[in-house]
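Remember, it's 1-based here, ligands and their atoms both numbered in the order they're listed.
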Amino acid sequence: DGDTDVVLETKPKTKRPPLYKVMLLNDDYTPMEFVVHILERFFGLNHSQAFEIMLTVHKKGLAVVGVFSFEVAETKVTQVMDFARRHQHPLQCTMEKE
Ligand code: NFA
């Protein structure tokens, strides 16, 4: 009867969840070995990887220590901040959307 069919195409959207960088910040007081210990304990790095990243933070001011989903990143930040506070070190750990 003269009607015209209209087909709207839909993109197959496979949206991946956003990722978050977890970063450590340098300070003048937290002992180097404490930072290395944190990187081994909470980020599963071996000693030489942990030492290398600690030195990067020390020299550059900060470094990305891992990239995670929101929930995992948030857990890492909380674990690091709690552990540093319990040991009375001023170490700061933050997260940022990638
Ligand atoms: N800058 C600290 C020191 O000289 C070491 C450190 C490294 C602190 C990385 C925080 C992060 N004792």
Checklist line | Heavy-atom side-chain proximity of Met54 to Leu39 below 4.5 angstrom | finding: yes

Next item on the list: Determine whether Leu19 and Met23 fall in the same hydrophobic cluster, where Ile, Leu, Val, Met, Phe, Trp and Tyr are linked whenever their side-chain heavy atoms lie under 4.5 Å apart.
Entry: yes

Quick one: side chains of residues 83-98, donor-acceptor pairs under 3.5 Å with protein atoms, not counting sequence neighbours, listed by atom name and distance.
unit_1 : atom_1 : unit_2 : atom_2 : d
His87  : ND1    : Phe83  : O      : 2.9
Gln92  : NE2    : Pro90  : O      : 3.2
Glu96  : OE2    : Lys21  : NZ     : 3.2

Notebook entry, point to check: Hey, is the main chain of Glu52 close enough, under 3.5 Å, to the side chain of Thr56 for a donor-acceptor pair?
Noted result: yes

When the side chains of residues 60-81 are checked against the rest of the protein, which donor-acceptor pairs come out under 3.5 Å, sequence neighbours left out?
unit_1 : atom_1 : unit_2 : atom_2 : d
Ser69  : OG     : Val72  : N      : 3.4
Thr75  : OG1    : Glu71  : O      : 2.9
Lys76  : NZ     : Phe42  : O      : 2.9
Thr78  : OG1    : Glu74  : O      : 3.0

Notebook entry, point to check: Around ligand 1, what residues show up once you keep those with a heavy atom under 4.0 Å from it?
Noted result: Leu25, Asn26, Asp27, Thr30, Met32, Val35, Met54, Val57, His58, Leu91

Note to self: List the residues meeting side-chain hydrogen bond (donor to acceptor under 3.5 Å, both in side chains) with His47, not counting sequence neighbours, and say none if there are none.
What the structure shows: Glu40

